[in-house]
Amino acid sequence: MKNIIDLHIHSTASDGSLTPTEIVHRASRLGISTIAITDHDTLDGLEEGELAAQKYGIEFIRGCEVSTRHGIYDVHVIGLWIPKDLENHSEFMDAIQSLQEKRGRRNNRIIEKLQGLGISITMEDVKKLAGGDVVGRPHFAQFLKNIGLVRSVKEAFDEYLARDKKAYEPRKAITPHDAVQLFAKIGATVVLAHPALMPCSIEELDGLLKELIPLGLNALEAYHSSHSHKDERFLVELAAKHNLLLSGGSDFHGKSKPQIELGRGKGGLRVPSFLLERMKAARGCD
Ligand code: AMP
Ligand code: FE
Ligand code: FE
Ligand code: ZN
């Protein structure tokens with residue numbers, strides 16, 4: 001049987017609904033051999049995930065996903081194989097802390113906007129839903145659903161939380177260039193996440209890659225729940241053209257994205273395990 005791998009997963013440490021331990025249990029039940037937990041702006045779930053994975057005989061890769069802004073586009077960057085000991089990497093830890101602070105300020109402004117719309121909501125309400133320290137828009141969405149204001153998380157985004165909607169607030173973002181360098185400096189494998197979700201032209205994507213590769217970008221996430229087979233083929237070719245590695249994962253979040261399953265995405269996702277072997281070979285692992 002082919003190995004099932006999933007290198008893009010969110011836990012309760014950010015905006016997923018399962019704890020790292022629950023993710024490992026689910027991965028084990030689904031016959032997944034390798035997982036990477038890649039929470040937004042935090043490393044908080046990694047220790048728990050790694051311990052649980054050891055017990056279940058699942059290979060665990062320490063990851064993290066960072067949202068950045070490139071002009072008018074949101075660009076997500078993932079670091080894989082984040083080292084355990086970051087004591088000598090204060091620049092990276094400071095950057096993570098600063099991202100969380102910017103997120104916190106943005107969250108306060110979302111609360112104010114929702115309150116301004118007459119909705120009874122406090123930061124405490126949302127924190128309770130978050131489980132971990134990183135509160136994200138999916139938690140706001142869950143709250144709005146729980147109080148019956150909207151019927152689904154999607155509706156909450158469509159009406160309130162998505163870009164330019166009633167309670168949208170941008171946050172001060174770093175550039176993809178900064179994110180790539182931060183991950184590269186700590187020795188992580190640096191992946192451009194779900195490139196097909198960026199609504200930019202092929203030329204713009206190509207141009208961005210030419211800027212990010214010299215800074216340390218290593219791979220393209222060609223396989224992702226939101227990518228069509230056509231997207232996959234295009235990105236595999238683009239990676240080959242730029243001599244980049246490939247990565248892939250479901251972007252599992254649990255109940256805020258119920259249609260996405262661990263390791264299988266929306267149904268048709270198959271992340272080829274050869275890409276993991278290639279990434280390891282490039283890192284000099286056996
Ligand atoms: P944040 O990092 O707090 O701005 O929240 C971003 C997260 O919200 C993304 O990683 C997705 O998990 C989720 N998200 C963004 N847009 C939507 C949407 N339209 N519907 C559902 N979830 C979304
Ligand atoms: Fe998310
Ligand atoms: Fe993302
Ligand atoms: Zn993600």
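In each ligand, atom 1 is the first atom listed, and ligand 1 is the first ligand listed. Quantities reported herein were computed from a predicted structural model and do not represent experimental measurements.
Note on ring orientation: taking the six-membered ring where Trp is involved, the planes of His224 and His194 are perpendicular (angle over 60°, cut-offs 30° and 60°).
Between the side chains of Glu48 and Thr21, at least one donor N or O lies within less than 3.5 Å of an accepting N or O. Gln97 and Glu101 share a side-chain donor-acceptor pair at under 3.5 Å. Residues Asn218 and Thr189 bring no donor and acceptor atom of their side chains to less than 3.5 Å of each other. Side chains of Asp15 and His253: a donor on one and an acceptor on the other come within 3.5 Å.
Taking the side chain as every heavy atom from C-beta outward, Glu22 and Thr12 never approach each other to under 4.5 Å.
Put simply, the residue from Lys255, Lys266, Arg26 that forms a salt bridge (charged side-chain N to carboxylate O under 4.0 Å, His left out) with Glu261 is Arg26.
Of the charged side-chain nitrogens involved, none lies within less than 4.0 Å of a carboxylate oxygen, so that Asp41 and Lys102 do not count as a salt-bridged pair.
The set of protein atoms (N, O or S) found at less than 2.8 Å from the Zn ion (ligand 4) reads His8 NE2, His10 NE2, Glu65 OE1, Asp251 OD1, by chain and number.
No cation-pi contact links Lys165 to Tyr160, judged by a cut-off of 6.0 Å to the six-membered ring centre and 45° from its axis.
Protein nitrogen, oxygen and sulfur atoms, that is N, O or S, within less than 2.8 Å of the Fe ion (ligand 3) amount to 3.
The Fe ion (ligand 2) lies closest to atom OD2 when only the N/O/S atoms of Asp15 are considered. Its N, O or S atom nearest to the Fe ion (ligand 2) is what matters here, and for His253 that atom is NE2.
Here the two rings, on His40 and His10, have centers that are under 6.0 Å apart.
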